[in-house]
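First the structure, in the form of structure tokens, and then the observations on it.
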Amino acid sequence: MSLRVFNTSTGQKEEFIPLREGHVGMYVCGVTVYDYCHIGHARAAIVFDTVYRYLQHLGYEVNDVCNFTDIDDKIIKRANEENIGWQEVTEKYIQAFYEDMGQLNITPPTTEPKATDHIDGMLDMVSSLIEQGKAYEAEGDVYFSVRNFAEYGKLSGHNLDDLKAGARVEPGEHKRDPLDFALWKKSKPGEPSWDSPWGPGRPGWHIECSAMSRHFLGTQFDIHGGGKDLVFPHHENEIAQSQGCSGTPPVKYWLHNGFVNINEEKMSKSLGNFFTIRDILERYHPEVLRLFLLSHHYRGPIDFADQYLEDAKKMLNRFYELFDKVNSALGTSSLDIYIQQIIDNNKLASDFVTRFEQAMNDDFNTALALAHMNEELTRLNKEITEMYSDPIKVNNELVLIDDDVARLYYCGKKILGIFHSDPHIYKLWNIDHLNLDTENVEALIKQRKAAREAKDWAKADECRDALTALGVVLEDTAQGTVWKVK
RNA sequence: GGCGCCGUCGCCAAGUGGCUAAGGCCGAGGUCUGCAAAACCUCUACCGGCGGUUCGAAUCCGCCCGGCGCCUCCA
């Protein structure tokens, strides 16, 4: 079965056939850098990172472009509020973006262009649109003439008359039609500006993506992604500009992720009901957030609450228990070595991997893929349980199991972007947050060991209760007592 | 007002015409353990309501109830 993707512009799942065999051009709308990223940004980043990873898994060479919007009203406003230069604002939040995305294990895209590095490309497109009669200059502004683009509204399923009812013209604008949108804005005194044939000004929001996608991916490319809220007007306008220039539809498949909600309401800057990525990562391992977001289909809404992160955390713990068990039995990093061997020897195929791929092929159904992973996890745990109860089988069958564990590990680590941590270290992730005195922990474990050897169970339980109070959980195994953080 | 989405086990969540409706969390019982933990086993849903189409529907159509999104900056 081949990959099928839901295309916003047709409203259907379609077989994914790239424009150029073996290659995929993909553009994902990035962030406007005037504040820290919130969980909604995290979702978009994780969804399209997973798309990127899966396309690579399928063998495509992917050119993945994700932009920074580093000139915009909100950036100027923020700079004025803080009485600093607008570039200080963008530099600060671009840096923060890299830190957050690194935490979330987002694969760095092939290219991460900044809008302000592509002003020339935007000016070219605006000039071309004016020459073709699809845009017009008015008092230093330039507007796209929506009535001159027959397909306007196709992506978002609107028609011009419906849209007209809700459209309005801001004071100071000089649109011929309320639906026309700005390609170029005349700058006010003191605002950042660039020279243009129409006087000093700055680009409208939408034109940057048209210019940058054209520059890096050409006039036609395969996938354009972003949040659902960008369908209208941003992506609708992008199509109008790009197609207005080149004469051809710029994008073959439009993919849009659903929102993150708080109490069933959209999380957004304007409603003020948002959590930043940083807020969450103070309390939860980044992979918990990632797993939580991937346990829902990317197109649907997700309601956000700590309880759901707790659920995801427990699911993640189960996987890491197995990986830690295998690594501690076979040596640190042995799973990573196995993954490489499996790839090198072309032994990735298995019934489980087939099921996983079938789920992913159906419009990146990560929720179903995770269900298969959980089933596989249970199956492997069962085999290991049986092996330990029958020592003769251990030597004969351990190798077979290693391959299957490695396949499971591969799907999570390479495709879903989880299992990035060392399994043993993962279990201790909360140490910093608990302010644990590890020497004290070790001492208590030692005391308990002595008490157990003396069969002083009351004393042994006393030690463990003390550790429990510290948030430490013990496990007595054949290899000795190990501990982890709750 | 226009366009569109959603309502599946106590909670989260796949499934969108046909095997006994995935999976996770929580809960109950059991195996293992000095006791635990981890792991494993067993148990827990006729899919918002009504009507229709069909041999057959959670899955298609209609109406109703409830929730939400876009149409204005927003992942």
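The shown structure was predicted, so the numbers you read here are calculated from the model rather than taken from an experiment. The figures that follow rest on heavy atoms only: side chains count, while hydrogens, waters and symmetry mates do not. Proteins get letters first, then strands, A, B, ... in listed order; numbering begins at 1 in each.
- Side chain of A/Arg290 to main chain of A/Asn105: a donor-acceptor pair is present (N/O by atom type, distance under 3.5 Å, no hydrogens or angles).
- Checking B/A22, B/G34, B/G69 against every side-chain atom of A/Glu375, the shortest atom distance belongs to B/A22.
- The side chain of A/Ala460 lies closest to B/G34, out of B/A75, B/G34, B/G23.
- Between the C1' atom of B/C35 and the CD atom of A/Glu475 lies a distance of 15 Å, rounded to the nearest Å.
- The two atoms that bring A/Phe6 and A/Gly11 nearest to each other are CE1-O, 3.3 Å, heavy atoms only.
- A heavy-atom distance below 4.5 Å is found between the side chains of A/Leu322 and A/Leu377.
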So which protein nitrogen or oxygen atoms get under 3.5 Å of nucleotides 12-15 of chain B's nitrogens or oxygens?
{"unit_1": "B/A14", "atom_1": "OP1", "unit_2": "A/His297", "atom_2": "N", "d": "2.7"}
{"unit_1": "B/A14", "atom_1": "O3'", "unit_2": "A/Asn365", "atom_2": "ND2", "d": "3.0"}
{"unit_1": "B/G15", "atom_1": "OP1", "unit_2": "A/Asn365", "atom_2": "ND2", "d": "3.0"}

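- Base pairing annotation: B/C70 forms a Watson-Crick or G-U wobble pair with B/G2, both donor-acceptor distances under 3.5 Å.
- Nucleic acid contact class of A/Arg448 (heavy atoms, under 4.0 Å, all strands): base.
- The shortest distance between side-chain heavy atoms of A/Ser193 and A/Arg202 does not fall below 4.5 Å.
- Comparing B/A57 with B/U72, their C1' atoms sit 41 Å apart, to the nearest whole Å.
- Relative to the side chain of A/Thr385, the nucleotides B/A75, B/G23, B/C40 differ in distance, and B/C40 lies closest.
- Residues A/Lys74 and A/Arg379 each lie close to RNA chain B; by heavy-atom proximity, the contact nearer the 5' end of the strand is made by A/Arg379.
- Judged by atom type and distance alone, A/Arg464 reaches the base of B/A36 through a side-chain donor-acceptor pair under 3.5 Å.
- Phosphate proximity of B/C25 to A/Lys313: absent, as no side-chain N or O sits under 4.0 Å from OP1 or OP2.
- A donor and an acceptor atom never sit less than 3.5 Å apart when one is taken from the side chain of A/Arg318 and the other from the base of B/G24.
- Judged by atom type and distance alone, A/Asp229 does not reach the base of B/G69 through any side-chain donor-acceptor pair under 3.5 Å.
- Side chains of A/Val5 and A/Val51 form no contact here, defined as non-hydrogen atoms less than 4.5 Å apart.
- Taking the P atoms as reference points, B/U44 lies 29 Å from B/G56, given to the whole Å.
- Using atom P as the reference point in both B/A39 and B/G24, the two lie 11 Å apart (nearest Å).
- Closest contact between the side chain of A/Thr378 and the listed nucleotides B/A75, B/G24, B/A37 involves B/G24.
- With B/A75, B/A37, B/G24 as the choices, the nucleotide that has an atom nearest any side-chain atom of A/Met315 turns out to be B/G24.
- Taking the C1' atoms as reference points, B/G49 lies 15 Å from B/G67, given to the whole Å.
- B/A75 atom C1' lies 14 Å from atom CH2 of A/Trp254, rounded to whole Å.
- A/Phe48 has its CZ atom 9 Å from the C1' atom of B/A75, to the nearest Å.
- Picking from B/A36, B/A75, B/C71 the nucleotide with the shortest atom distance to the side chain of A/Leu230 gives B/A75.
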What do the steps show when you test A/His118 against A/Phe216 for ring pair (Phe, Tyr, Trp, His ring centres under 6.0 Å), and what is the final call?
CA-CA 11 Å; A/His118 291 267; A/Phe216 290 103; 5.3 Å; yes
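- Here, B/G15 and B/C60 have their P atoms 13 Å apart, quoted to the whole Å.
- Side chain A/Asn159 to base B/C71: no donor-acceptor pair is found below 3.5 Å.
- Between the NE2 atom in A/His158 and the CZ atom in A/Phe232 there is a gap of 6.5 Å [rounded to 0.5 Å].
- The distance from atom CD of A/Glu442 to atom NZ of A/Lys446, rounded to the nearest 0.5 Å, is 9.5 Å.
- Minimum atom distance to the side chain of A/His158 is reached by B/C70, of the listed B/G34, B/A75, B/C70.
- Taking only side-chain nitrogens and oxygens, A/Lys486 never comes nearer than 4.0 Å to OP1 or OP2 of B/A37.
- Across B/A13 and B/C9, the matching C1' atoms stand 11 Å from one another, rounded to whole Å.
- The same atom, C1', is picked in B/G17 and in B/U59; the two are 6 Å apart, to the nearest Å.
- One finds a side-chain N or O of A/Asn381 lying less than 4.0 angstrom from the OP1 or OP2 phosphate oxygen of B/C40.
- Minimum atom distance to the side chain of A/Lys382 is reached by B/C41, of the listed B/G34, B/C41, B/G24.
- Under the 4.5 Å side-chain criterion, counting only non-hydrogen atoms from C-beta, A/Cys29 is in contact with A/Cys209.
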